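Convention: sequence-line order gives letters A, B, ...; per-chain numbering from 1. Quick caveat, the model's predicted, so the values are computed rather than measured.
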Protein chains: 2
Amino acid sequence: MHNPFIQISGSKRSLHVQVAREIARKILSGEVAQNEIIPSEMVLCEQFSVSRTALREAIKLLTSKGLLESKPKVGTRVKSRDNWNFLDAQLLDWVIDLGDNAFVYQEFLALRKAIEPEAAALAAQNATAQQRILLSATFQQMDYVSKNFDAAQWMEVDMEFHRLVFLSTGNSFYLPFANVLCTMFKSFISHSSEKGGTCIGEHRAIYSAIMAGDAEKAREANKRLLSTTNHRLPTSN
Amino acid sequence: MHNPFIQISGSKRSLHVQVAREIARKILSGEVAQNEIIPSEMVLCEQFSVSRTALREAIKLLTSKGLLESKPKVGTRVKSRDNWNFLDAQLLDWVIDLGDNAFVYQEFLALRKAIEPEAAALAAQNATAQQRILLSATFQQMDYVSKNFDAAQWMEVDMEFHRLVFLSTGNSFYLPFANVLCTMFKSFISHSSEKGGTCIGEHRAIYSAIMAGDAEKAREANKRLLSTTNHRLPTSN
DNA sequence: TCAATCGTTATTATATGATAATTACAAGGG
DNA sequence: CCCTTGTAATTATCATATAATAACGATTGA
């Protein structure tokens with residue numbers, strides 16, 4: 001049923017995504033400069049040994065994320081960096097694959113500090129009954145894992161907890177952070193504290209405040225969590 | 001072959017974007033339910049009277065924004081709402097076109113309150129010399145327009161000002177907000193105060209703090225701006 | 001009866017080639 | 001000098017064919 005032999009890493013994706021990934025790498029790394037015109041479709045088709053269909057779908061994908069822009073007669077131009085949508089999980093994944101991750105992690109932390117306390121506050125106000133149940137169940141697991149510590153399991157529950165906070169805000173614009181956060185967590189396994197003891201306390205404070213509907217407490221608790229200096233830098237893979 | 005009479009408004013965009021927009025409308029409005037399988041490619045091709053190429057590019061575009069997911073034999077499924085990337089300018093544009101804008105505006109304001117003060121603080125710390133020049137020039141215009149008030153011009157400079165703040169953070173994850181903000185501003189012309197007098201004061205405070213490199217002042221000034229109750233609700237168009 | 005295996009088939013994925021639309025650029029006319 | 005117009009390069013769209021995928025039912029063997 002499941003063939004264990006063809007488990008090539010990451011090549012399960014469709015062809016146009018593989019091509020897009022490769023072009024994205026060149027753009028994100030600066031190998032291809034901003035505002036530069038990339039080679040024409042036919043040339044790229046030969047370079048990647050794919051059909052025009054696959055290549056064009058790749059270009060369309062990158063266009064959608066703000067990396068490229070195509071015009072007849074002109075060609076396909078790399079857009080300037082301020083148009084790249086870094087709040088897109090797939091693009092973020094490509095960025096992480098570049099390997100310059102310590103800096104990305106710092107930038108992301110700066111974003112979390114702005115957005116997560118507010119998200120916690122909104123969640124305290126707006127979480128539905130079902131979302132509170134999910135959050136409760138997740139915190140139970142979190143509590144358990146913190147006592148029987150396992151790095152991989154902790155990443156999983158920690159990710160799920162913060163993800164649920166974003167989903168519980170009831171605000172459309174906070175939703176995308178859930179996926180972005182998941183992408184970051186999965187990439188930086190060792191992001192959290194080694195001694196889960198201190199972290200679980202902060203998480204409990206957030207959890208309790210949300211369940212109690214206390215927005216201000218939730219906000220402050222989340223601020224404290226992100227202020228703790230035990231956010232380790234990612235191990236460069 | 002192309003009928004010039006069916007020049008739908010704003011149909012200058014390419015065909016696959018028009019198709020994507022129409023499918024997106026159905027998804028965002030709930031006309032097509034989440035997790036539902038949409039009709040097969042051939043059926044949709046007939047519905048929209050476009051080739052498979054155009055239709056597939058439309059589907060790929062929506063897939064990229066988290067609205068759809070395709071699998072052979074299964075079909076194309078509408079993904080659940082938490083996967084929709086509302087922090088994508090194009091998707092946001094489609095959302096705005098639905099017309100339920102007062103709520104969207106409130107949600108966006110809640111996001112701005114979280115993110116913009118921090119962005120101002122970061123800009124105060126990290127803005128480059130060139131960015132300070134741009135910011136300075138923009139505030140000059142802002143000051144002028146506030147004295148010779150014109151709604152459209154004010155929207156333009158106001159948008160540009162806040163856009164520059166995001167670009168000046170030096171943080172990749174803050175960049176996308178610039179485009180999202182622009183999309184919102186362009187849609188809600190009458191978002192700002194009628195009496196520009198009070199607003200210009202807050203803007204000046206933000207501007208001065210950033211130029212002085214005072215992160216804390218910039219943050220607080222931006223908070224004050226967003227706390228003012230003169231953010232009018234958008235006129236439903 | 002049940003479980004595993006194996007075709008069948010519907011659907012998307014990819015390839016290929018042809019035609020249309022767009023527009024930068026150069027050439028020509030006023 | 002400006003405006004128009006023609007040319008050519010590039011992407012946009014169309015049409016058709018073949019391959020890959022995986023759900024589903026049929027078959028088989030115990």
Side-chain angles (χ1 to χ4, degrees), chain A residues 1-8 10-23 27 32 35-79 90, chain B residues 1-8 10-23 27 32 35-79 90:
Chain A
M1 173 170 279
H2 191 279
N3 191 337
F5 291 99
I6 44 174
Q7 282 292 338
I8 305 167
S11 75
K12 205 186 145 199
R13 282 180 279 266
S14 56
L15 190 52
H16 78 270
V17 175
Q18 295 178 46
V19 174
R21 183 193 190 82
E22 180 56 21
I23 298 177
I27 295 173
V32 181
N35 302 316
E36 190 174 309
I37 300 279
I38 67 176
S40 72
E41 288 180 348
M42 273 199 301
V43 175
L44 289 175
C45 284
E46 288 186 2
Q47 263 187 37
F48 291 107
S49 304
V50 296
S51 70
R52 264 192 77 201
T53 307
L55 182 89
R56 280 180 58 78
E57 284 178 354
I59 288 179
K60 285 281 147 50
L61 178 56
L62 297 175
T63 301
S64 166
K65 299 188 187 307
L67 269 62
L68 294 176
E69 187 177 37
S70 295
K71 276 185 193 172
K73 168 69 183 177
V74 177
T76 300
R77 183 183 302 275
V78 178
K79 296 204 79 177
Q90 194 172 26
Chain B
M1 203 59 187
H2 190 286
N3 191 335
F5 292 99
I6 43 175
Q7 285 288 343
I8 309 163
S11 74
K12 203 184 151 204
R13 282 181 279 266
S14 57
L15 189 52
H16 77 270
V17 176
Q18 295 177 47
V19 174
R21 183 192 190 82
E22 180 55 22
I23 298 177
I27 294 173
V32 181
N35 302 316
E36 190 175 311
I37 299 280
I38 67 175
S40 72
E41 287 180 348
M42 272 200 299
V43 174
L44 289 174
C45 284
E46 289 187 1
Q47 262 188 37
F48 291 107
S49 304
V50 298
S51 70
R52 265 193 75 201
T53 307
L55 181 88
R56 280 181 57 80
E57 284 178 353
I59 288 178
K60 284 283 146 51
L61 178 57
L62 297 175
T63 301
S64 165
K65 299 188 187 310
L67 269 63
L68 293 177
E69 186 177 37
S70 295
K71 277 186 192 172
K73 171 68 184 177
V74 177
T76 301
R77 184 183 301 275
V78 178
K79 297 204 79 177
Q90 194 172 27

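- Taking every heavy atom of both residues into account, H16(B) and A54(B) meet most closely at CB-O, 3.3 Å.
- Taking each heavy atom of A58(B) and A20(B) in turn, the nearest pair found is CB-N, 3.6 Å.
- Applying a 4.0 Å cut-off to non-hydrogen atoms, the residues of residues 44-53 of chain B that approach DNA chain D are V50(B), S51(B), R52(B), T53(B), listed by residue number.
- If you measure from atom CG of L61(A) to atom C1' of dA13(C), you get 15 Å, rounded to the nearest angstrom.
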Stepwise, does the side-chain contact (heavy atoms from CB on, under 4.5 Å) test hold for R56(A) with K60(A)?
-> CA-CA 6 Å; R56(A) 280 180 58 78; K60(A) 285 281 147 50; 3.1 Å; yes
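- Sorted by first and then second residue, the salt bridge (Lys or Arg N to Asp or Glu O under 4.0 Å) pairs with a member in residues 62-76 of chain A read K65(A)-D88(A); sequence neighbours excluded.
- We find the CZ-CD1 distance between F48(B) and I23(B) to be 4.5 Å, quoted to the nearest 0.5 Å.
- In this structure, OG1 in T76(B) is found 10.0 Å from CG in L62(B), a value given to the nearest 0.5 Å.
- Residue whose closest nucleotide on DNA chain C sits further toward the 5' end, between A54(A) and P39(B): P39(B).
- The CD-P distance, from E57(B) to dA13(C), rounds to 13 Å in whole Å.
- Residue E41(A) contributes atom CD, which lies 11 Å from atom C1' of dT13(D) at whole-angstrom precision.
- Between the CG atom in L67(A) and the NZ atom in K79(A) there is a gap of 10.0 Å [rounded to 0.5 Å].
- Closest to the side chain of K73(A), out of dA9(D), dA23(D), dA12(D), is dA9(D).
- Rounded to an integer number of Å, the gap from NE2 of H16(B) to P of dA20(C) is 21 Å.
- The CG-P distance, from L15(A) to dT12(C), rounds to 18 Å in whole Å.
- Taking atom CE of residue M42(B) and atom P of nucleotide dT11(C), one finds them 7 Å apart after rounding to whole Å.
- I59(A) places its CD1 atom 7 Å from the P atom of dT11(D), with the value rounded to the nearest Å.
- Per the geometry, CG belonging to L55(B) stands 14 Å off C1' belonging to dA13(C), to the nearest Å.
- Residue K60(A) places none of its side-chain N or O atoms closer than 4.0 Å to OP1 or OP2 of dT11(D).
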